[in-house]
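Accompanying notes for the structure given below.
Owing to the predicted nature of the structure, the values given are computational and were not obtained by experimental measurement.
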Amino acid sequence: MASKGTVIVTGGSQGIGAAIVQTFLDRGYSVVATSRKITQARLSPSPNLALVDGDISHAATAQKVVDTAVQKFGSISALVNNAGIFMAKPFTDYTVDDFCALVSTNLEGYIHISQLVVRQMLTQKSGGSVVAITSSMVENPIGGLPVSIPMITKGGLEAITRSLASEYSKEHIRFNAVAPGVVDTPLHKNNPKDFLKTLSPMGTISTAADIASAVVYLTESRQITGEVLHVDGGSHNGKW
């Protein structure tokens with residue numbers, strides 16, 4: 001069966017990233033997935049899956065990922081910028097090193113891989129999709145979760161999503177974002193479930209598959225660009 005297209009997924013080794021990788025594979029796509037040690041991850045092997053180890057904040061990693069996609073599968077039809085780091089602490093406790101780490105992975109990583117992918121899509125002249133993973137707390141901060149500095153980066157991703165959606169609309173390269181609330185991933189393995197359920201009005205915790213299905217929806221929706229899709233049990237609607 002012919003592939004539906006080739007999707008690059010950053011931060012693909014576990015949690016949301018691994019679910020995104022598997023969902024695209026299940027739907028008939030070829031996937032190039034990357035993370036620092038993705039070749040050691042427990043991803044199901046597939047002839048339609050290529051793995052590239054590396055730190056996405058380094059331009060050389062992005063270049064290797066894009067080269068792999070083109071050499072192995074012939075083209076690139078979509079990119080999912082899922083790689084990201086996150087930390088919660090009072091604003092006055094954040095260090096310059098914290099800030100640099102967040103910017104390096106969350107913003108520089110997005111820029112390196114997205115520039116290369118957009119160049120490839122412009123050469124292909126068949127449009128494409130770029131999806132970022134942000135956070136519902138960009139629009140709806142929660143007092144008990146102090147994440148001011150990470151939200152600079154996640155808010156930045158939403159801003160660049162809107163800018164790029166306009167810049168490349170004529171070329172039919174679409175830019176969207178998924179803004180999750182609390183998701184049941186290794187990131188929250190030490191947080192009590194009862195507390196996490198209070199962080200959305202529906203009193204639910206999203207699964208990684210919930211986020212992956214939203215990513216696929218935006219990737220395949222040819223008339224949606226510049227959109228931030230909240231998958232957060234309604235928490236972006238405000239107080240509850």
Side-chain angles (χ1 to χ4, degrees), residues 3 5-25 29-87 97-124 128-135 150 153-154 156-157 160-161 164 173 175 177-178 180 183 185-187 208 211-212 215-216 219:
S3 169
T6 302
V7 183
I8 291 172
V9 180
T10 70
S13 60
Q14 63 178 1
I16 292 171
I20 291 168
V21 169
Q22 193 58 54
T23 303
F24 275 113
L25 287 171
Y29 290 86
S30 299
V31 177
V32 180
T34 183
S35 73
R36 285 181 175 87
K37 296 179 180 177
I38 199 160
T39 52
Q40 298 173 28
R42 296 176 183 173
L43 296 172
S44 302
S46 163
N48 295 325
L49 175 62
L51 303 176
V52 178
D53 285 334
D55 183 340
I56 201 60
S57 70
H58 298 159
T61 300
Q63 188 68 61
K64 188 177 177 187
V65 170
V66 168
D67 290 347
T68 299
V70 174
Q71 289 162 12
K72 188 170 175 64
F73 301 119
S75 64
I76 300 168
S77 46
L79 165 64
V80 182
N81 281 295
N82 170 70
I85 61 172
F86 186 83
M87 59 186 81
D97 285 346
D98 291 336
F99 178 70
C100 291
L102 287 158
V103 168
S104 174
T105 299
N106 298 1
L107 295 183
E108 288 182 53
Y110 178 99
I111 293 166
H112 291 320
I113 191 86
S114 299
Q115 283 184 323
L116 293 171
V117 166
V118 168
R119 285 186 193 128
Q120 177 64 26
M121 289 175 174
L122 290 171
T123 301
Q124 294 167 186
S129 166
V130 177
V131 176
I133 307 296
T134 65
S135 167
T153 62
K154 294 298 190 179
L157 291 178
I160 198 172
T161 292
L164 294 176
I173 303 174
F175 293 82
V178 174
V183 186
T185 69
L187 187 71
I211 310 306
V215 169
V216 171
T219 299

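- Scanning all heavy atoms of the two residues, the minimum distance from Ala33 to Val21 falls at CB-CG2, 3.8 Å.
- Proximity of a side-chain donor or acceptor of Thr10 to a complementary backbone N or O of Ala83 within less than 3.5 Å is detected.
- At least one side-chain heavy atom of Gln124 sits under 4.5 Å from a side-chain heavy atom of Ile76.
- The shortest heavy-atom contact between Ala132 and Thr161 is CB-OG1, 4.3 Å.
- Within the 3.5 Å criterion, the main-chain N or O of Val52 finds a donor-acceptor partner in the side chain of Thr34.
- Between Gln63 and Leu116, the closest side-chain pair of non-hydrogen atoms falls below 4.5 Å.
- Across Leu102 and Met87, no two heavy atoms sit closer than the pair CG-CE, 4.1 Å.
- Using a 3.5 Å distance cut-off with no hydrogens or angles, the side chains of Ser3 and Asn48 do not pair a donor with an acceptor.
- Taking CD1 from Ile56 and CD1 from Ile113, the interatomic distance works out to 4.5 Å, rounded to the nearest 0.5 Å.
- Contact check on Lys37 versus Asp53 returns no salt bridge, with no Lys/Arg side-chain nitrogen under 4.0 Å from an Asp/Glu carboxylate oxygen.
- Contact annotation: the side chain of Phe24 approaches that of Val215 to within less than 4.5 Å [non-hydrogen atoms, C-beta and beyond].
- The backbone N or O of Val31 sits nowhere less than 3.5 Å from a side-chain atom of Thr6 that would complete a donor-acceptor pair.
- Rounding to the nearest 0.5 Å gives a distance of 8.0 Å between OG1 of Thr153 and CD1 of Ile85.
- Across every non-hydrogen atom of Lys154 and Ile133, the tightest pair is NZ-O, 3.1 Å.
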